[in-house]
Asker: 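If you scroll down you'll find the structure; I have some questions about it.
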Amino acid sequence: MKTRQFLATTLAAAAALCLAAPAVHAQGNYKSEYRMSLVLGTAFPWGKGGEIWANKVRERTQGRINIKLYPGVSLIQGDQTREFSALRQGVIDMAVGSTLNWSPQIKELNLFALPFLMPDYAAADALTQGEPGKRLFARLEKAGVVPLAWGENGYREISNSKHAIKTPADLKGLKIRVVGSPLFVDTFTALGANPTQMSWADAQPAMASGAVDGQENPVAVYQAAKLYTVGQKHMTLWGYINDPLIFVVNKDIWNSWTKADQDIVRQAAIEAGKEEIAIARKGMIEADKPLVKELATNGVTVTQLSPAERDAFVKATRPVYDKWKQQVGADLVEVAEKAIAARKQ
Ligand code: X2X
């Protein structure tokens, strides 16, 4: 009797499972793992943002959407400027990516690399959280991906192994590693430097061997990567560009999820983006800038520019700004300039 009852219950449970399983599949063809691409791993604010997103999604979907992090853009062998194409093609399922790395494919994203467009954090927020951000997300959707939220790599400051940079003349002849977009080559050429394009993976050995003299990256990246150990002893805080990050999902993957799960992934991205921005700015927005102080304890010479000194860099790069305003789209740049002028400080 007991055995029969047990058998009946087991059979009923098995039947229910058989019925339920195809229903789940019909709703969405879920993979056992989703691959998230990142340039920088969890030692950096960028990677932490990706981890926060993945954890929230895993928890809130009870593991239905299980995300694995692939830092070092390892799904595309470290070639960060190919990330956007790989995302579109489905080699990558989702990413927290830099606008700088995607700008070779989406020219409008060069907006953020226009030299000295964003004078402060409020200006960066005015772009990502305002009309320019909306337009850029629409542009990305048109390109076939699903953008969900903004994060931030940070204001990019220049370091080098030779001497303090106080004027554009100090950059003359310095070999500077830059990221993917040709806009960077124009900017550093205008400043009299000798720019060379290189992935982040190649940049660190190049600094260590002295193949390049300098680089530009946020202070948080410089610190976490310990660039003072590869000869980068001089840093100038010029804040010439801010590098936002975008939380994004491949379109086919997105469409394979239920509406409820899409909502969870989007909401988690928005929250993770906010948290990531706070992490990225930590140490830089307090009055005494603790992160900058840390540089000094690592033996780095930190150069702060007076407004007049900074202005010399703005002037020297203005022709590049004007040229690339056309490439980005004069209309979008004007919307951005207006958003910045109207920002709350
Ligand atoms: O390569 C860089 O400099 C980095 C890590 O900041 C980016 O991916 C834009």
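Indexing begins at 1, ligand by ligand and atom by atom, following the structure's order. The figures here come from the full heavy-atom set of this structure, side chains too, leaving out hydrogens, waters and symmetry mates.
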Asker: Under a 4.0 Å threshold between the charged nitrogen and the carboxylate oxygen, would E131 count as salt-bridged to R135?
Answerer: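 Looking at E131 together with R135, the answer is yes, because their closest N to O distance falls below 4.0 Å.
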Asker: Can a salt bridge be assigned to the pair K325 and E337 using a cut-off of 4.0 Å between side-chain N and carboxylate O?
Answerer: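 Looking at E337 together with K325, the answer is yes, because their closest N to O distance falls below 4.0 Å.
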Asker: With a 4.0 Å heavy-atom cut-off, what residues sit around ligand 1?
Answerer: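 Around ligand 1, where the cutoff is 4.0 Å for heavy atoms, the contacting residues are V39, L40, W46, Q80, S98, N101, N153, R156, R177, V179, W200, N217, D243.
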Asker: Do F44 and W46 make the cut of ring centroids closer than 6.0 angstrom?
Answerer: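 Aromatic pair excluded; centres sit 6.0 Å or further apart.
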Asker: Which is it for E152 and L245 under the side chain to side chain contact (heavy atoms under 4.5 Å, CB included) test, yes or no, and what are the steps along the way?
Answerer: CA-CA 5 Å; E152 183 170 280; L245 302 175; 5.5 Å; no
Asker: Salt-bridge test for R343 and D125: reply yes if a basic N is under 4.0 Å from a carboxylate O, no otherwise.
Answerer: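 No, no charged N to carboxylate O under 4.0 Å.
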Asker: Measure the acute angle between the ring planes of Y30 and W257, then classify it against the limits of 30° and 60° as parallel, tilted or perpendicular.
Answerer: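 Tilted.
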